[in-house]
Amino acid sequence: MIDLSVTVGGLTLKNPVMPASGTFAEELALLLDFDRLGALVTKTITADKRSGNPLPRVCELPGGMMNAIGIPSKGVDDFIEHTVPFYQRFDSPLIASISAPSATQFAALAARLSATPGIAGIEANISCPNIEAHGQSFAMHTASTAQVVSAMRAATSLPLWVKLTPNSGEVVNVAKAAESAGADAIVMGNTLLGLSIDVHARRPRLGNVMGGISGASIKPLMVRLTYQCAQALDIPIIGCGGIATAEDAIEYLLAGASAVQVGTATFIHPHAMQHVIQGLEAFCEQEGIAAVRTLTGGLNDAPGALFGATP
Amino acid sequence: MIDLSVTVGGLTLKNPVMPASGTFAEELALLLDFDRLGALVTKTITADKRSGNPLPRVCELPGGMMNAIGIPSKGVDDFIEHTVPFYQRFDSPLIASISAPSATQFAALAARLSATPGIAGIEANISCPNIEAHGQSFAMHTASTAQVVSAMRAATSLPLWVKLTPNSGEVVNVAKAAESAGADAIVMGNTLLGLSIDVHARRPRLGNVMGGISGASIKPLMVRLTYQCAQALDIPIIGCGGIATAEDAIEYLLAGASAVQVGTATFIHPHAMQHVIQGLEAFCEQEGIAAVRTLTGGLNDAPGALFGATP
Amino acid sequence: MMHEGVPTANKALIRCLYHSESPLMSKYLNNRQHGFWGTPFKSATNSNRGREMLTLRSPRDDVRIATATPDDGTALILRNEWVNGDYKHMVLKASRAACQAQPGQFFNLLCPAEGSMAPFFRRPMSTYGADPHRGEVEFLYKVTGKGTLALSQLQAGDSLDILGPLGKGFRLQPNWQHIVIVARGVGLATLAPLAEAAHAHHIAMTVILSARSKHALLIPSQQRFERLGARVLTARDDDGTSQLDGIERMLREIIVQHAPDALFTCGSKRLTALLKRLAAEHGIAGQVAMEEQMVCGLGMCQCCTKVFEQDGKPISRRVCVEGPVFDLSEVVA
Amino acid sequence: MMHEGVPTANKALIRCLYHSESPLMSKYLNNRQHGFWGTPFKSATNSNRGREMLTLRSPRDDVRIATATPDDGTALILRNEWVNGDYKHMVLKASRAACQAQPGQFFNLLCPAEGSMAPFFRRPMSTYGADPHRGEVEFLYKVTGKGTLALSQLQAGDSLDILGPLGKGFRLQPNWQHIVIVARGVGLATLAPLAEAAHAHHIAMTVILSARSKHALLIPSQQRFERLGARVLTARDDDGTSQLDGIERMLREIIVQHAPDALFTCGSKRLTALLKRLAAEHGIAGQVAMEEQMVCGLGMCQCCTKVFEQDGKPISRRVCVEGPVFDLSEVVA
Ligand SMILES: Cc1cc2nc3c(=O)[nH]c(=O)nc-3n(C[C@H](O)[C@H](O)[C@H](O)COP(=O)(O)OP(=O)(O)OC[C@H]3O[C@@H](n4cnc5c(N)ncnc54)[C@H](O)[C@@H]3O)c2cc1C
Ligand SMILES: Cc1cc2nc3c(=O)[nH]c(=O)nc-3n(C[C@H](O)[C@H](O)[C@H](O)COP(=O)(O)OP(=O)(O)OC[C@H]3O[C@@H](n4cnc5c(N)ncnc54)[C@H](O)[C@@H]3O)c2cc1C
Ligand SMILES: Cc1cc2nc3c(=O)[nH]c(=O)nc-3n(C[C@H](O)[C@H](O)[C@H](O)COP(=O)(O)O)c2cc1C
Ligand SMILES: Cc1cc2nc3c(=O)[nH]c(=O)nc-3n(C[C@H](O)[C@H](O)[C@H](O)COP(=O)(O)O)c2cc1C
Ligand code: FES
Ligand code: FES
């Protein structure tokens, strides 16, 4: 039997595959056995109720999508009263994804959830491009990242995963800032800010004008960022972006990720995560690998031989 | 007859469509009448001969590609002696794309070309991700951009187009720095740095490990950056990234671009630029538009009505 | 895999979120009756494949609604024929779970991807027919964009991934005597099975067909409804009768003559607003099947939300799980 | 559009970049002869469709090489049949320009795109046959990855965008008496047309077929070459003879007995190195058709470069335009 277990930011998961926040909810239990998943990551919640962005909130792109859902939320009270109890039936660790407008409010929300039994860890969504104007989330810069992560670190002893954004031009520095401020793991990462226009209507396809790109088109970018972060960090990295197959997941593991999150793919194939887990097992069997965790950072990244002539 | 002409950074072009540097060369004259193109943009050259990167230099991605060609060049002498004369046969303006390791060398190369008859403008490729380590090109930061652009501005009176990179986290500030330093137009933009791994060989698919992503997958990102730059700049913007059809081009025009460049699409369909030009004309006819330039900035970007309830 | 099936969640009683309007279990007794539009629904007995009953919490009260669990399976296309210039009728061999679909429920279809023009999201499609005995489900769809074009190119023998049945369908009260259905354009596909179910329930029907002139579906729909014993009135745009006030006049006459128990419609905002007003005015029940852009169809992505009203306050509901059929009283006109 | 065609560049004499080895115009006189492998090439007269002669500047000298201009057109598939388990033989109705293809030239094929597994780059494929009179071109291809799989699924009546003829093919000197062709695996597809051309030139041939055991192409190739009057020696891996030294022994015998004028091979690095050594040792000419990953196939993208040697110095050449056929003397072993 292949050992699929991995340890990530203070948690041991039965396998490296979990849902990406916002692409997974209770209703999927109608189709998928949640006990097969490495962890259960909830939709980002906020302390207060939020309505979310204007419609349309999604649009298609070639081989992917863009969204500006805008984190509609029933608030933390409903989350603690209804959502957390629902997930107690399953033995996979529950990771609560949170967002807030300020470092202090992030810390308060983190503290509130730390006091709630049944929550195994917190994923800080400091990278949502659809809340502040034009994607200026905390994770765009090192200073704001350090400030919000240290505030949360002081507020909770639960494993704290910090989710970053590819929209920042200094992702590795931001990742190091999160690490120094006490993050237990980095999630790399959230959606890439884009704009898609209906040329006949002369209108953006999303009510919020801009939105976050996800799916296959962002995979090479996110694998690169995972690789760069892995070179610079000691804490584990959770790779996320365009994963639909086991091969996609293995690219992230080889680049340095310890676990992966599957998002958009579940919308198209509700059993996507199950297929990725099965595919990981088959790959390890074929390649004679005893434990999937040994793939982490397994990339042979020596450049090719120099090209020996000018044209 | 529809008026397809546009003025960009001091040049009047017969239509807004031109090749993206590095995806166009003399051999295409065997298939395409260069006189039909808005402008002719050459492969980036360097003062000295360069061999270019190790093989493999390209790999496929879903609906796009990644490259780490590494600007192989025969040097400026060969360019002036053989390449420039070749293009004199055509009446479309010739834009020479240049790269150099330092601001002073950029300026020297710009001066050398300004003294060469037949060159209508210079495109400064300060955004190639495959030369310096891990994409740290000039256009990543405002200071380095200002320095290199002002040096070139002093060295040439030719129209100076500055090509930016989506890898920077402060693209709009970099664009403004280029504008203040004297750029006549911004090209938005070069490729997005990525990493693609062959999981069976445990090797990067490119000899240079990382490479630049191009094609359909980067279009929504580049349209967004074009839109943000257009809001902040007075100088014209040339949109580039994933353009294969007239509709793609019109997205950029509506977002604020005055002209567009077609790159990867020409590799798959050598007549791609011709089809885009024909498509622009047909679109204007259908929509009753007399001059294509009136599309520039035509996006109605009012956000949708607020969503009036919480879940 | 021919059929993903639901996990044998023997361990846990899975409680999910579900909206419920009436306490009545959504059971319909349908006897078999062939109509041009294909077979009506069979009785919706909850399949006893050793699965825990899935109880879904309604946002307001904790009523247990036994409903078929959706199945993420691959169906085999038996027929996929043009009904007229715009519409195709697809019949598939599908799983037991899929064939439990109720009128007003829908499926999310994985359209085949062809080159760069490939559709990415699944496309939602109402159940046009579902027959557990023949093991078949049917869709009647208008070919408009990338996804429906891809569906239209499928041939008998091809397979199609279908996710469903999804959402909450129409609710019929057993004590109802007479209902009115106002159908327009493609809404006919969603409402035809409702008429079948009402007929099986021995509930009398008046159907108002409102369509542009020689609308493709007009004549065949009229025949189908008439075969179910419905009184069919047509309101055509070209002869000016299908203007909203024309339909209002017809409805007022029906309300006076037949005192219908409930009004039903699908899709069009203006018709929904009219029915809501008349239903409130005369204390009649009413339901509307709505449409909104969807991605997951399961209630996870939050893209298909609309503003409804409840006890006078605005509340956000997901069309895919809390609908697509909503009570007229909740709808914001 | 059935056929893009070259712009009527009447205005300017278009000078491009092209590599040339020998001053001889690349003309081959081929008479028609059917072989299992399809029709050999017709004489390559430069089509006089009012186009300026395209003169391509060679990097070293300014020799004018008249060559067919590539055409970006859509061809109609006549046949696309399995030759054996791995290989398919495709025959297409193509444009006049396409049918001017010479042995060693290739086409860049736009493989159809199927969902997420769609190939993106065009796939380069040697001309297996080109017949201007029948207006047909042929490809013999091994089904290995995404692109060739997509090609293999095309049927008679389907269309395929083909860009070509591309690159520089084999050069035969009219005064040559005897040539040796060493073919291995899929290289047979590239070298078969060379044999046809040599035969038409009344040049005697010895062919060494080196392939794994019952290699799919072995027997049919042997028959085809023998029909052209070639002496065929086979070197099979399984009986140990196709080891490199086995082939070297055969070559040395042929050199001694027949004093061949030139040695030809395709693809494999080890065979190329062996032929380069023997050609240098005995002052014999030699050419090799090479393969490298390609995107544009036209010389623009710079991805298909290899290091060659010229006057003892390393120089970079593009396999797609300065090749795919190179002189053995330039190749770096
Ligand atoms: C619950 C429900 C039931 C439906 N039942 C039927 C039916 O029985 N018969 C029928 O012909 N149509 C029905 N529709 C509409 C059908 O989903 C759209 O016609 C279809 O999605 C159009 O996809 P396309 O790719 O052809 O068009 P495109 O314009 O290419 O679609 C682009 C995007 O917009 C979405 N979209 C476009 N039109 C609609 C629409 N009217 N409703 C929802 N999303 C849309 C598509 O799903 C896709 O995400 C139903 C829609 C919903 C929500
Ligand atoms: C000039 C030239 C002539 C050729 N002639 C023939 C021929 O007559 N018959 C034949 O069967 N094959 C021939 N080949 C090889 C053929 O191009 C490859 O088999 C084909 O590209 C594989 O594509 P794929 O999608 O099936 O494989 P994949 O593995 O999916 O291809 C992935 C990428 O690698 C490239 N690639 C893979 N193998 C090769 C290769 N051997 N050479 C160049 N690129 C490759 C593909 O083009 C594609 O870009 C030729 C190659 C060249 C360069
Ligand atoms: C519809 C939608 C909703 C999302 N909501 C959230 C969210 O609430 N919180 C969050 O951190 N990320 C959210 N994301 C981002 C995903 O978690 C993930 O980071 C991103 O989509 C990239 O992964 P993918 O390509 O596998 O989807 C959302 C993505 C989508 C498509
Ligand atoms: C093979 C290849 C080579 C390129 N070479 C250059 C170059 O030399 N200089 C440059 O400024 N951009 C170069 N680019 C980037 C393109 O000019 C263009 O900015 C980018 O590919 C995005 O456009 P596209 O999606 O239409 O290709 C190259 C791109 C490719 C794919
Ligand atoms: S379609 Fe995803 S929540 Fe309704
Ligand atoms: S394939 Fe583009 S230069 Fe050879």
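In what follows, chains carry the letters A, B, and so on, assigned in the order in which the sequence lines appear, proteins first and then strands, with residues in each chain numbered from 1. Values in this document were obtained by computation on a predicted structure and should not be read as measured data.
Contact record, B:A309 with C:P314: CB-C, 3.8 Å, taken as the closest heavy-atom pair. In plain terms, the two heavy atoms of B:G308 and C:V307 that are nearest each other are N-CG2, 3.7 Å.
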Check chain C against chain B and list any donor-acceptor pairs under 3.5 Å.
from: C:S316; atom 1: N; to: B:T310; atom 2: O; distance (Å): 3.0

